[in-house]
Amino acid sequence: MSKILVTGGAGYIGSHACKQLAAAGYTPVTYDNISTGWQDAVKFGPLEIGELTDRARLDAVLQKHEPEAVMHFAALSDVGQSMRDPQLYWRNNVVGSMTLLDAVTAAGVERFVFSSTCATYGEQDGVLLDESSIQNPINAYGGSKRAVEDMLRDYGRMSGLAHVSFRYFNVAGADPERQVGEFHKPETHLIPLALDAVRGRRDALTIFGSDYETRDGTCIRDYVHVFDLVDAHIRGLDYLKSGGKEPVFNLGTGSGFTVREVLEAVSEVTEQKVPAIEGPRRPGDCTALVSGSRMAKEILGWTPNRSTLSEMISDAWGWHQTIGYTR
């Protein structure tokens, strides 16, 4: 079975990618430092513990497993933290990715699938964002991801590395079979925060900002099911294997939901009211981020079939009721 090196494979999205890669006939090799991921989530292939900035360790892992491609999910992704400590994000996300690319090209790996973000677009309210939209990130998280996209283009020209980047929007949901799911410490994502509040595992959820120019005053985001997201990454790998050249795809549904609408949907699924209070806006938060994903649909044949709000919340609720990880 062909091997795929999955950086960040012990994390939320990476662990779901490993499950789907295994189902597609690959052996996923997780490379993770287990700082925010979980060893319990590595169930579908071997685990190699290491830092992205450790070139010697990367060289050894690549030599040992000889992967045919890399899926690069490993990154810090907390927008608020990136505003408070931008150096951390440039060091981890950019320097780490550069070290990985140096090791990958030296090892002769031919294909690279990168997990990017809609945060590269910054504040562009009232615009359906597509791949041609201007990139103007307003926080170090988005800036670091844009830098890696630029780096990939240069490495591709230099070494011939075939690559594709996916700019995706808010990821939600969980494995409906409950083998893996979303579990962060600390948790920062809206849906798991709301589910924890419903279960009494945390105090009332804080709505950050209720004075945005939206239909109910709260931020709007485009949510995509983690399984749909991973499906696009595997399609992207197949696309590169067939000689595809398009470097960037957006992944979203084209529809956005406000924070209040998400909380109402959580209440409907769980049949419990979400305890919530209002707080001030957070620095670095955009008013609205909604994706146009025409290219992914037309070129990759991708459709976000599971990405209804009710299905994403239902899958997440099933996971949160029954499963957790321990280090």
Worksheet item: Could you walk me through whether R202 and E187 pass the salt bridge (charged side-chain N to carboxylate O under 4.0 Å, His left out) check?
Response: CA-CA 10 Å; R202 65 174 63 248; E187 185 58 71; over 6 Å; no

Worksheet entry | Matching residue for H16 among W319, F73, F227 - test: ring pair (Phe, Tyr, Trp, His ring centres under 6.0 Å) | F227

Practice prompt. Find the distance between CD1 (I138) and OH (Y121) and round it off to the nearest 0.5 Å.
Written response: 15.0 Å

Discussion item. Nearest 0.5 Å, please: how far is OG in S307 from CG in D228?
Written reply: 3.5 Å

Practice prompt. Would you check if the side chain of S159 reaches a backbone N or O of G156 as a donor-acceptor pair within less than 3.5 Å?
Written response: no

Worksheet item: Do N250 side-chain atoms and L129 backbone N/O form a donor-acceptor pair below 3.5 Å?
Response: yes

Discussion item. Looking only at side-chain N and O atoms, does Y168 offer a donor or acceptor that is under 3.5 Å from a partner on S115?
Written reply: yes

Practice prompt. Look only at the side chain of R153 and the backbone of P247, and say whether a donor-acceptor pair between them is shorter than 3.5 Å.
Written response: no

Practice prompt. Could you tell me whether R260 and E278 make a salt bridge, using a distance below 4.0 angstrom between a side-chain N and a carboxylate O?
Written response: yes

Discussion item. Taking transitive links into account, so neighbours of neighbours count too, which hydrophobic residues share a cluster with I134 at under 4.5 Å side-chain distance?
Written reply: none

Worksheet entry | D315 bridged to R306 by N-O distance under 4.0 Å | yes

Item to complete: Flag yes if more than 12 heavy atoms outside E68 fall under 6.0 Å of its CD atom; otherwise flag no.
Response: yes

Practice prompt. May I ask you to decide if the ring planes of H233 and F166 are parallel, tilted or perpendicular, using 30° and 60° as cut-offs?
Written response: tilted

Item to complete: Anything under 30° is parallel, anything over 60° is perpendicular, the rest tilted; go ahead and classify F249 against Y239.
Response: perpendicular

Worksheet item: Quick one: CG on L237 to CE on M71, what's the gap to the nearest 0.5 Å?
Response: 5.0 Å

Worksheet item: Where the side chain of D222 meets the backbone of F169, is there a donor-acceptor pair that is under 3.5 Å apart?
Response: no

Worksheet item: If you link I, L, V, M, F, W and Y whenever their side-chain heavy atoms are under 4.5 Å apart, who else ends up in the same group as L190?
Response: I191, L193, L195, V198, L205, I207, Y223, F257, V259, V262, L263, V266, V269, V274, L309, M312, I313, W317

Practice prompt. Considering only NZ, NE, NH1 and NH2 on the basic side and carboxylate oxygens on the acidic side, decide whether K64 and E48 come within less than 4.0 Å.
Written response: yes

Worksheet item: Within a radius of less than 6.0 Å around NZ of K241, do more than 12 heavy atoms belonging to other residues, nucleotides or ligands occur?
Response: yes

Worksheet item: Is there a donor-acceptor pair closer than 3.5 Å between any side-chain N or O of S97 and the backbone N or O of V94?
Response: no

Worksheet item: If you round to the nearest 0.5 Å, how far is CG of D175 from NE2 of H225?
Response: 8.5 Å

Practice prompt. Keeping the roles fixed (side chain from T7, backbone from A74), state whether a donor-acceptor pair exists under 3.5 Å.
Written response: yes

Worksheet item: Is the shortest side-chain N to carboxylate O distance from R157 to D154 below 4.0 Å?
Response: yes

Fill in: CG (D211) with more than 12 external heavy atoms under 6.0 Å
yes

Worksheet item: Less than 4.5 Å apart, any side-chain heavy atom of M98 and any of Y155?
Response: yes

